[in-house]
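Following: one structure in structure tokens, then a few remarks.
Note that the coordinates shown come from a computational prediction; the quantities given were computed from them, not determined experimentally.
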Amino acid sequence: MGYWDLPEGTDCVEKTWITTKLGTALGLVGSAYHIVAFQPDSAVAALQRATNSTVTMAAMGAIFGMTTCLSAQAREAPDDPLNYFIGGCASGIFLGARTHSAITGTSACLGLGTLAFFTKVGKMEGWKLAGPPKL
């Protein structure tokens, strides 16, 4: 089952597990590109950099999944895009705390919250970013 297959506000553990796995995968890919682009001095430094990035992204995925689901339950509005804004904002706040920067946290809160909000709105309204090719 995928993330969108589960009803909103239910099975929070499963939804959190899915978003954690997605965050981990994105963290691994991002850290691989970062290591290639900015060569570390040693293999240990590369491992530390990859671990740091991957754990941060995995935690952000977990925070998003759990916050979105719990917000849907607490507000008793499972399909409200505001739940996704809250989850994205919570992930952004974590990123700010991780970097010890209020500006980063505020910017990431607004940016990730808005992205998540419009992702949910687009899913509800059937928006397509790219359609089938025109032949």
Side-chain angles (χ1 to χ4, degrees):
M1 280 187 121
Y3 182 83
W4 297 108
D5 296 333
L6 298 169
E8 298 294 337
T10 63
D11 204 2
C12 290
V13 174
E14 182 65 26
K15 286 182 103 59
T16 301
W17 178 241
I18 292 168
T19 56
T20 303
K21 290 189 296 186
L22 181 60
T24 303
L26 290 173
L28 282 170
V29 170
S31 63
Y33 277 110
H34 191 260
I35 288 169
V36 169
F38 304 102
Q39 300 268 328
D41 296 331
S42 67
V44 173
L47 183 62
Q48 287 175 331
R49 190 182 298 172
T51 303
N52 187 28
S53 300
T54 303
V55 169
T56 299
M57 289 297 290
M60 287 175 64
I63 290 167
F64 174 80
M66 188 57 72
T67 304
T68 301
C69 191
L70 292 177
S71 173
Q73 288 179 354
R75 297 179 61 242
E76 296 179 0
D79 286 324
D80 189 359
L82 184 59
N83 297 327
Y84 279 69
F85 181 85
I86 294 167
C89 186
S91 295
I93 290 169
F94 170 76
L95 187 60
R98 185 95 166 109
T99 60
H100 304 287
S101 171
I103 296 298
T104 299
T106 303
S107 302
C109 168
L110 294 174
L112 293 174
T114 302
L115 178 66
F117 178 88
F118 282 115
T119 299
K120 178 61 176 176
V121 169
K123 182 71 175 166
M124 289 170 55
E125 294 184 1
W127 295 353
K128 301 285 184 209
L129 293 177
K134 294 182 181 177
L135 300 175

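Hydrophobic clustering keeps I18 apart from L26 (ILVMFWY residues linked when any side-chain heavy atoms are closer than 4.5 Å, directly or through intermediates). Cluster annotation: V121 and L82 are assigned to the same hydrophobic cluster (Ile/Leu/Val/Met/Phe/Trp/Tyr, side-chain heavy-atom contacts under 4.5 Å, transitive). When the side chains of ILVMFWY residues are joined at heavy-atom separations under 4.5 Å, either directly or via intervening members, L95 and L22 end up in a single hydrophobic cluster.
Considering CD1 of I93 and OG1 of T104, their distance stands at 13.0 Å, rounded to 0.5 Å.
Not counting sequence neighbours, T10 has no partner by the side chain to side chain donor-acceptor pair (under 3.5 Å) test. For Y33, there are no side chain to side chain donor-acceptor pair (under 3.5 Å) partners two or more places apart in sequence or in a different chain.
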Identify all side-chain donor-acceptor contacts of residues 123-133 below 3.5 Å with residues at least two apart in sequence or on another chain.
unit_1	atom_1	unit_2	atom_2	d
E125	OE1	W127	NE1	3.0

Cut-off 3.5 Å, no hydrogens considered: what does the side-chain donor-acceptor table look like for residues 107-120, sequence neighbours left out?
unit_1	atom_1	unit_2	atom_2	d
S107	OG	I103	O	2.9
T114	OG1	L110	O	2.7
T119	OG1	L115	O	2.7
K120	NZ	E8	OE2	3.4

Residues 45-52, side-chain donor-acceptor partners within the protein, below 3.5 Å, at least two apart:
unit_1	atom_1	unit_2	atom_2	d
R49	NH1	F38	O	2.5
T51	OG1	L47	O	2.8
N52	OD1	R98	NH2	2.3

Which donor-acceptor pairs under 3.5 Å do side chains of residues 58-73 form with protein atoms, sequence neighbours excluded?
unit_1	atom_1	unit_2	atom_2	d
T67	OG1	I63	O	2.7
T68	OG1	F64	O	2.7
S71	OG	N83	OD1	2.8
Q73	NE2	G9	O	2.9

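Summarising the local packing, CG of D41 is surrounded by 12 or fewer heavy atoms from other residues, nucleotides or ligands at distances under 6.0 Å.
Shown here for T19 and Y3, the closest heavy-atom pair between the two residues is CG2-CE1, 3.6 Å.
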